[in-house]
J.: 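Mind having a look at this structure? Questions to follow.
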Amino acid sequence: MPYLNAEQLNNLGLKSIGSNVRISDRAAIYNPEQLEIGDNSRIDDFCVVSGNVKIGRNIHITIFCNVAGGSEGIVFQDFSTLAYAAHVFTQSDDYSGVTMTNSTVPAEYKNETKMAINIGKHSIIGARSVIFPGVTLGEGTSIGAMSLVTKSTQPWSIYFGVPARRIKDRSRDLLQLEQKYIDKYG
Ligand SMILES: CC(C)(COP(=O)(O)OP(=O)(O)OC[C@H]1O[C@@H](n2cnc3c(N)ncnc32)[C@H](O)[C@@H]1OP(=O)(O)O)[C@@H](O)C(=O)NCCC(=O)NCCS
């Protein structure tokens, strides 16, 4: 994958950037002054990242993802993953018909929901899943492919479906591997 070189990364003007960060030259980064990205994290081809977004260490945002932080912000805690074509957004129009909708219409005619999103440490979100505004994924959440997450999740749990439901516990074994990884690579 063609990643930006050190000079190109520097020229993006990010709020902060860690070491060994990789951003594809085919990713679109809007509002770079609001984007923080930690060590070893990676954003792949055809992702769109906008608004207030804080990406921890060892985060992978894979191809075709939409990360729309808006004003409220999205936080990706360390070691979390967005699989192919996942959508995470903090703002949503009022679908009831009471107000007008969409970005071409001034705010005074709309009633947008705006709520922050927190993606817990070691969470993984499966391909083509959607995370609604206001959701907090507890640490170690895994979300199956093509799920719709409308509510916050319990830690160390596996969810899937539309709307996403808790299916079973998720193993914590990976924490031992995390410790080994940190001991070896820092
Ligand atoms: C949710 C998930 C983790 C469950 O895995 P699992 O525990 O091994 O579950 P199983 O494969 O045994 O499936 C259990 C049942 O749930 C169904 N199921 C599995 N994943 C599902 C999903 N995302 N949505 C709806 N149903 C699903 C299976 O068809 C199966 O149904 P059945 O009992 O009627 O046969 C996995 O299926 C998944 O969606 N992984 C994400 C994969 C992905 O997006 N990868 C991207 C690259 S990292």
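What you see is a predicted model; the values in this text were computed from it and never measured. The analysis underlying the following values was restricted to heavy atoms, covering all of them including side chains, and did not include hydrogens, waters or symmetry mates.
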J.: Locate the shortest heavy-atom distance separating Y159 from S147; write the atom from each residue and the value.
T.: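 The answer is O-OG, 4.4 Å.
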J.: Under 30°, 30 to 60°, or over 60°: which ring-plane class applies to Y181 and F79, parallel, tilted or perpendicular?
T.: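 It falls in the perpendicular class, over 60°.
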J.: If we only count heavy atoms from C-beta on, is the T81 to I61 side-chain gap below 4.5 Å?
T.: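 When only atoms from C-beta onward are counted, I61 and T81 do not touch, as no gap falls below 4.5 Å.
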J.: Could you work out, with side chain to side chain donor-acceptor pair (under 3.5 Å) as the rule, every residue matching S16, not counting sequence neighbours?
T.: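 Once residues adjacent in sequence are excluded, S16 has no partner under the side chain to side chain donor-acceptor pair (under 3.5 Å) criterion.
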J.: Will you find, in the side chains of D25 and Q8, an N or O donor that is under 3.5 Å from an N or O acceptor?
T.: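 Side chains of D25 and Q8: no pair found under 3.5 Å.
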J.: Check salt bridge (charged side-chain N to carboxylate O under 4.0 Å, His left out) between R165 and all other residues, then give those that pass, not counting sequence neighbours.
T.: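 Partners of R165 under the salt bridge (charged side-chain N to carboxylate O under 4.0 Å, His left out) test: none.
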J.: Considering residues, nucleotides and ligands other than M146, do more than 12 of their heavy atoms fall under 6.0 Å from its CE?
T.: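 Incorrect, the count does not exceed 12.
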J.: What residues form a salt bridge (charged side-chain N to carboxylate O under 4.0 Å, His left out) with R26, not counting sequence neighbours?
T.: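 D45.
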J.: Between the side chains of S157 and R170, is a donor N or O closer than 3.5 angstrom to an acceptor N or O?
T.: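 No.
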J.: With heavy-atom distances below 4.5 Å as the criterion, would you say the side chains of P133 and F89 are in contact?
T.: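 They are in contact (side-chain heavy atoms under 4.5 Å apart), so the answer is yes.
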J.: Measuring from atom CD of E112 to atom OG1 of T90, what distance do you get when rounded to the nearest 0.5 angstrom?
T.: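 Answer rounded to 0.5 Å: 9.0 Å.
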J.: I need the minimum non-hydrogen distance between C47 and I43, along with the two atoms involved.
T.: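 Residues C47 and I43, closest heavy atoms: CB-CG2, 3.8 Å.
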J.: Rounded to the nearest 0.5 Å, what separation is found between the CD1 atom of I119 and the CG atom of L137?
T.: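 Result: 4.0 Å between the selected atoms.
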J.: Take atom CZ of R128 as the centre, draw a 6.0 Å sphere, and report whether it contains more than 12 heavy atoms from other residues, nucleotides or ligands.
T.: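 No.
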J.: Do the side-chain N and O atoms of T153 and T141 include a donor-acceptor pair separated by under 3.5 angstrom?
T.: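 Checked: T153/T141 side chains pair up, N/O donor to acceptor below 3.5 Å.
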J.: Going by the rule side chain to side chain donor-acceptor pair (under 3.5 Å), which residues pair with Q34 if we only count those two or more places apart in sequence or in a different chain?
T.: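 Scan of Q34 (side chain to side chain donor-acceptor pair (under 3.5 Å), adjacent residues dropped) gives none.
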J.: Taking all heavy atoms of G56 and all of S41, pick out the closest pair and write down the distance.
T.: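 Shortest heavy-atom separation between G56 and S41 comes out as O-OG, 2.8 Å.
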J.: To the nearest 0.5 Å, what is the distance between CG (L82) and CD1 (I124)?
T.: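 Reported to 0.5 Å precision, the distance equals 9.5 Å.
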J.: Please tell me if the side chains of V67 and V48 come closer than 4.5 Å, counting only heavy atoms from C-beta onward.
T.: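 Side-chain contact under 4.5 Å: no.
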J.: Between D39 and N20, is any side-chain donor less than 3.5 angstrom from a side-chain acceptor?
T.: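 Per modelled atom types, D39 and N20 side chains form no pair under 3.5 Å.
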J.: Taking atom OH of Y84 as the centre, report whether more than 12 heavy atoms of other residues, nucleotides or ligands fall under 6.0 Å from it.
T.: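 Result for OH/Y84: open.
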J.: Side-chain contact, heavy-atom cut-off 4.5 Å: D44 with H60?
T.: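 In contact.
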J.: Does CE belonging to M100 count more than 12 external heavy atoms closer than 6.0 Å?
T.: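 Incorrect, the count does not exceed 12.
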J.: With a 4.5 Å heavy-atom cut-off, do L14 and E36 have their side chains touching?
T.: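 L14 does not reach E36 side chain to side chain.
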J.: Less than 4.5 Å apart, any side-chain heavy atom of I117 and any of V75?
T.: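 Of all side-chain heavy-atom pairs linking V75 with I117, none is under 4.5 Å.
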J.: Do the side chains of K110 and D94 get nearer than 4.5 Å, heavy atoms only?
T.: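 No, too far: nothing below the 4.5 Å cut-off.
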J.: Please list all pairs meeting salt bridge (charged side-chain N to carboxylate O under 4.0 Å, His left out) that have one or both residues in residues 117-126, counting only residues at least two apart or in different chains.
T.: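 Qualifying pairs: K121-E178.
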J.: Counting N and O atoms only, with roles assigned by atom type, does the side chain of S80 sit under 3.5 Å from a partner on the main chain of S123, one being a donor and the other an acceptor?
T.: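 No, because the side chain of S80 does not come within donor-acceptor range (under 3.5 Å) of the backbone of S123.
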J.: Does atom CD of E33 have more than 12 heavy-atom neighbours, drawn from other residues, nucleotides or ligands, at distances under 6.0 Å?
T.: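 Yes, enclosed.
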J.: Does the side chain of K54 reach to within under 4.5 Å of the side chain of I74, using non-hydrogen atoms?
T.: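 With C-beta onward as the side chain, the pair stays apart.
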J.: Quick one: CE on M1 to CZ on R42, what's the gap to the nearest 0.5 Å?
T.: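 Rounded to the nearest 0.5 Å, the CE-CZ separation comes to 5.0 Å.
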J.: Where do V53 and F76 come nearest, in terms of heavy atoms and distance?
T.: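 Nearest pair, atom of V53 first, then F76: CG1-CE1, 4.2 Å.
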J.: Of all residues at least two apart in sequence or in a different chain, which pass the salt bridge (charged side-chain N to carboxylate O under 4.0 Å, His left out) check with D78?
T.: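 Residues passing salt bridge (charged side-chain N to carboxylate O under 4.0 Å, His left out) with D78: none at all.
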J.: Measuring from atom OG of S129 to atom CZ of F160, what distance do you get when rounded to the nearest 0.5 angstrom?
T.: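 Separation between the atoms: 11.0 Å.
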J.: Quickly, which of I131, V130, V162 forms a side chain to side chain contact (heavy atoms under 4.5 Å, CB included) with V149? Name it, please.
T.: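 Of the listed options, the one satisfying the test is I131.
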